[in-house]
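Throughout, a chain's letter reflects where its sequence line sits, starting with A, and its residues are numbered from 1.
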Amino acid sequence: MQSSENNQVSSYTEEITLFADVIVPVAVPNTFTYRVPREYAASITTGLRVIVQFGKTKVVTAIIARIHNKPPEKYHAKYILEVLDDAPLVNTKQIELFYWIADYYMCTVGEVMNIALPSGLKISSLSKVQFNPSFDTPELLTEREVEIIDELKKHQSLNYDELARFAEVKNVYHIIKSLIQKKAIIVFEEVREKYSPKILKKIRLNAFYEDSSYLTALIGELEKTPKQLDVILNYLKYVPVLRTPELNKKGLEKSALTKANVSESSLSTLLKNGILEQFEVIVSRFEEDLDFVEAPTPILSSAQESAFTEIMQSFQEKDTTLLHGITGSGKTEVYIKLIEQVLESGSQVLYLLPEIALTTQIVVRLRKVFGDKMGIYHSRFSDNERVEVWKGVVSGKFQFIVGVRSAVFLPFDNLGLIIVDEEHETSYKQFDPAPRYHARDVAVVIAHRQKAKVLLGSATPSIESFYNAKIARYGFVEMKERFGNTQLPDIELIDIKTARKQKLTKGDFSNMMLDTMGLNFEKKQQTILFQNRRGYSPYIQCEDCDTIVACPNCDVSLTYHYSNQELRCHYCGHREPMSKTCQACGSAKLKTRGYGTEKLEEELQLFFPTAKIARMDLDTTRTKTAFQTLINEVESGEVDILVGTQMVSKGLDFEKVSLVCVFDADRMIHFPDFRSSERAFQMLTQVAGRAGRRGTQGKVLIQTNNPTQKILKQIIENDYEGLYQDEIKEREDFQYPPFTRIIKITLKHIDQPNAEKAAKALALQLIEKLGTQRVLGPEKPLVERVRNQYLFEILIKLEKAINLKGAKTFIAEQVQNIELSKDFKGVGIVVDVDCG
DNA sequence: AGCACGCCGACT
DNA sequence: GTCGGCGTGCTC
């Protein structure tokens with residue numbers, strides 16, 4: 001792993017002092033140079049984690065980015081305190097990637113490191129104070145200090161927080177400083193590794209008794225103590241020592257014995273007498289997972305087979321290929337064959353999925369084929385588990401990773417293939433905090449650097465990717481048939497406006513939608529009702545004075561959540577109990593307005609009292625188990641109608657869903673954003689794709705106020721090409737991606753005029769060099785105030801031909817200008833490159 | 001970012 | 001004089 005450069009330097013270590021430039025996990029622009037202690041000189045390499053003192057109080061985990069022998073000129077380098085790893089946990093390719101990301105997405109390498117490494121790999125330090133036992137001048141102490149010292153004597157040590165709580169002061173620092181001066185206390189750093197390996201307690205029989213005559217003798221002897229005999233017999237039941245003595249080496253989990261209802265005290269007696277022995281092993285957190293049934297590689301249909309061949313051909317010429325396969329075309333089987341092929345060639349494979357899709361059936365399916373070669377990297381996993389996956393990639397245990405966005409940071413060094421499934425998904429873009437990276441785009445960069453191939457898969461590709469395929473930058477493969485010859489669902493529009501006029505509605509449901517749902521229920525088929533809005537109702541209005549209850553911190557209405565009778569802000573998380581009366585006029589006539597999933601669930605229950613109705617949204621799937629339970633219930637057919645947000649449209653395949661109803665299509669279509677048509681098409685096509693599997697054609701009903709909208713026609717006819725042509729023309733006319741790159745700068749301040757002034761000043765500076773064509777705004781965003789901060793946005797469009805690096809440097813300078821300016825104190829600025 | 005340091009005003 | 005508040009600048 002050591003680079004030749006490092007080796008060369010290391011061989012002179014007798015005379016030369018080494019220095020290491022390290023990345024610290026902080027939002028500071030530079031790397032920092034530390035001195036390598038002599039004892040580490042021979043073994044130090046890039047990619048090792050080290051512990052360093054950073055600033056006066058912090059001790060942090062850093063990564064070695066470079067090793068050299070030039071002492072810094074302007075300051076004395078501090079020593080590296082400790083080296084944490086024997087072999088690099090971060091490889092050179094990753095470090096280069098960190099720099100690329102920092103550069104491209106306009107943030108610091110430290111911020112990249114912070115997001116890239118699971119927190120279990122970032123040791124934290126706590127400053128602790130301890131009473132100095134050789135303290136002998138108590139007369140110097142003030143009364144208060146004596147109290148603190150007395151408290152400190154009671155404990156081995158206390159950290160700052162604990163001390164502050166006891167002393168009942170906000171800033172404990174003064175006191176600590178004074179006590180250090182008087183030599184009454186000692187301050188030390190407690191460094192603590194967050195990752196803790198999973199330890200299993202095991203029991204085995206003393207090897208002495210592996211001999212049959214001794215074992216028989218033992219059993220005879222234990223006749224007197226039946227409880228102990230019981231323990232031994234139980235052990236032998238699991239581990240037949242005589243037949244398979246090698247199993248005895250591995251022993252048995254202690255918990256297996258205790259679960260078998262044996263006497264605990266007898267067990268400890270046996271241990272004490274040396275008949276049984278206890279030992280500990282470090283185990284993988286994933287081993288329990290491994291009772292998978294190895295399934296044969298799926299047999300591909302002829303359409304899948306030819307898609308596979310085409311992809312392989314495409315990879316001959318292109319590094320990236322877009323697979324456009326309609327919903328239900330069976331892309332997964334094609335992926336599996338590709339993955340197998342690449343793994344056989346000895347290269348690593350990364351399969352990226354959006355957050356929600358990962359929890360579902362796909363993982364089970366992949367596990368069956370790839371078993372323990374496959375690692376899963378998911379945000380719902382604990383940090384310890386993520387560290388194990390990271391280490392598993394380093395050690396080569398995991399050649400294949402299925403993961404979410406952040407899996408692009410894993411320490412691959414030999415990737416052969418990256419699959420980005422559902423590549424159009426917006427959750428691949430990170431919004432907060434920095435780095436605001438797009439995992440699909442980063443994947444393409446990684447692949448390029450590791451000479452790997454990328455397969456982007458989607459039924460509804462992003463306009464950008466489709467464009468790249470059109471101009472032949474990407475290869476292109478299509479799958480136009482649904483697997484098993486199932487037809488695409490029949491989509492029908494319902495003109496809700498006309499229906500309302502003709503009084504053919506109940507609530508905001510058209511009779512037609514309700515009737516169809518009813519019929520479907522009678523046929524014992526499942527229905528999905530899609531409404532992309534959680535909660536009961538998006539706002540509450542007073543009938544007398546028209547006041548709408550708003551969030552105190554943001555400029556949005558509060559959403560009413562029925563389940564716990566509270567109002568919630570979906571922007572800042574503010575919660576307040578639902579009040580019975582209007583806070584403005586005292587009237588009791590408060591009305592819920594608009595429809596969220598909760599309200600639809602409630603209304604449907606009234607319409608269909610005997611149906612089992614379930615709801616799937618953020619609120620019902622907070623935990624891993626809740627999510628899985630719900631999926632199981634739907635899969636087993638217990639649930640008749642599933643009401644849900646966009647969650648129901650992603651990666652879920654339910655056999656018996658034959659009807660999909662979209663409650664309100666218009667809100668999505670008219671969202672004020674240049675991507676709204678694309679998004680609406682994607683979302684409605686994906687949710688429609690849930691209807692009908694295995695030979696039966698599904699039905700989709702969409703309620704809209706305006707059924708003549710062109711995009712709806714395109715959705716009905718599954719005319720992606722048509723959508724693309726419309727969109728790409730518009731994007732070209734108005735200079736949006738893929739013809740430009742967009743950088744969004746958001747400025748925040750508690751006072752709106754201040755935010756506006758700063759935004760205007762920044763825009764002016766930007767325009768000076770970039771011109772009014774490229775700089776738009778500043779403008780108030782849709783929601784003007786979030787978390788008590790007023791927002792202004794500037795949009796920068798950079799054409800592809802521009803010197804991107806130069807432009808970004810200029811933008812960064814101007815942003816810094818504003819940040820440092822005395823006129824705009826307290827203005828927060830966020831730069832988002834390629835904003836969604 | 002996080003935090004010490006320094007200056008300033010309030011209060012015993 | 002001591003304590004806390006807030007603005008400023010640095011971190012190898």
Side-chain angles (χ1 to χ4, degrees), chain A residues 17-37 40 44 46 49-83 102 106-117 119 122-127 129 140-148 159-161 163-165 167-182 187 189 432-436 748-750 754 812 815-831:
Chain A
T17 311
L18 289 184
F19 294 90
D21 293 351
V22 304
I23 303 171
V24 287
V26 185
V28 286
N30 303 309
T31 49
F32 291 82
T33 307
Y34 286 83
R35 233 173 123 152
V36 179
Y40 292 125
I44 203 100
T46 58
R49 291 178 309 146
V50 293
I51 299 288
V52 293
Q53 176 96 43
F54 183 65
K56 291 211 166 103
T57 56
K58 268 177 293 188
V59 170
V60 298
T61 304
I63 297 170
I64 299 185
R66 202 169 75 90
I67 291 166
H68 56 90
N69 52 28
K70 293 201 186 58
E73 284 166 20
K74 298 191 178 130
Y75 52 86
H76 263 287
K78 287 182 183 168
Y79 272 106
I80 285 172
L81 298 178
E82 205 178 320
V83 177
M106 299 179 74
C107 65
T108 69
V109 235
E111 286 171 308
V112 181
M113 171 190 168
N114 217 2
I115 290 296
L117 266 69
S119 52
K122 291 173 285 181
I123 282 170
S124 68
S125 91
L126 273 176
S127 293
V129 289
L140 292 177
L141 300 180
T142 66
E143 211 172 297
R144 191 165 205 185
E145 286 170 347
V146 173
E147 278 174 40
I148 288 174
N159 65 34
Y160 284 21
D161 275 358
L163 207 62
R165 217 174 303 139
E168 288 177 336
V169 284
K170 264 196 181 163
N171 201 345
V172 77
Y173 188 75
H174 293 286
I175 298 166
I176 288 173
K177 212 172 114 181
S178 155
L179 286 171
I180 293 171
Q181 237 165 22
K182 293 171 183 167
V187 175
E189 297 290 329
D432 246 350
R436 299 178 170 78
K748 319 176 183 184
H749 196 269
I750 349 162
N754 282 352
V815 167
Q816 214 182 29
N817 232 333
I818 299 288
E819 273 173 340
L820 297 178
S821 159
K822 300 243 185 287
D823 301 341
F824 308 121
K825 259 182 275 172
V827 176
I829 307 182
V830 171
V831 182

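The nearest whole Å value for the distance from the NE2 atom in A:His76 to the P atom in C:dC12 is 14 Å. Rounding to whole angstrom units, NZ of residue A:Lys56 and C1' of B:dG6 are separated by 12 Å. For the pair A:Phe32 CZ and B:dA1 P, the computed distance is 14 Å after rounding to whole Å. The distance between atom CD of A:Glu73 and atom P of C:dC12, rounded to the nearest whole Å, is 18 Å. A:Met113 has its CE atom 14 Å from the C1' atom of B:dA1, to the nearest Å. Between the NZ atom of A:Lys58 and the P atom of B:dA4 there is a distance of 9 Å, rounded to whole Å. Here the C1' atom of nucleotide B:dA1 and the CG atom of A:Asn114 are 10 Å apart, to the nearest Å. Whole-Å rounding puts the A:Ile115 CD1 to B:dA1 C1' distance at 13 Å.
For the side chain to side chain donor-acceptor pair (under 3.5 Å) test, residues two or more places apart in sequence or in another chain that qualify with A:Asp21 are A:Thr33, A:Arg66, A:His68. For A:Lys825, the side-chain contact (heavy atoms from CB on, under 4.5 Å) test picks out no residue, with sequence neighbours left out. In this view, A:Arg49 and A:Asp85, A:Glu193 satisfy the salt bridge (Lys or Arg N to Asp or Glu O under 4.0 Å) rule, not counting sequence neighbours. With sequence neighbours left out, A:Ser821 forms a side chain to side chain donor-acceptor pair (under 3.5 Å) with no residue at all. Under the ring pair (Phe, Tyr, Trp, His ring centres under 6.0 Å) criterion, A:Tyr40 pairs with no residue at all, not counting sequence neighbours. Taking the side chain to side chain donor-acceptor pair (under 3.5 Å) definition, one finds that A:Thr108 meets it with A:Glu111, sequence neighbours left out. In this view, A:Asp432 and A:Arg436 satisfy the salt bridge (Lys or Arg N to Asp or Glu O under 4.0 Å) rule, not counting sequence neighbours. Take A:Phe54 and apply the ring pair (Phe, Tyr, Trp, His ring centres under 6.0 Å) test, not counting sequence neighbours, and it matches A:Phe32. For A:Glu145, the salt bridge (Lys or Arg N to Asp or Glu O under 4.0 Å) partners at least two apart in sequence or on another chain are A:Lys182.
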Fill in: Nucleotide pairing, DNA chain C (Watson-Crick or G-U, distances under 3.5 Å), in dot-bracket with [ ] and |
|||||||||||.
Worksheet item: Step by step, would you call A:Thr61 with A:Leu117 a side chain to side chain contact (heavy atoms under 4.5 Å, CB included)?
Response: CA-CA 11 Å; A:Thr61 304; A:Leu117 266 69; 5.6 Å; no
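A:Val50 places none of its side-chain heavy atoms less than 4.5 Å from the side chain of A:Leu81.
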Response to the item:
Quick tally for nucleotides 7-12 of chain B: nucleotides whose base has a protein heavy atom under 4.0 Å get B, sugar-phosphate-only ones S, the rest -, giving ------
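Using a 4.0 Å cut-off, some side-chain N or O of A:Tyr34 falls inside it from OP1 or OP2 of C:dC12.
A:Glu111 comes within contact range of no nucleotide atom at all, as no heavy-atom separation falls under 4.0 Å.
Residue A:Phe54 is the one, among A:Thr57 and A:Phe54, whose nearest nucleotide of DNA chain B lies closer to the 5' end (criterion: closest heavy atom).
Applying a 4.0 Å cut-off to non-hydrogen atoms, the residues of residues 820-830 of chain A that approach DNA chain C are A:Lys825, listed by residue number.
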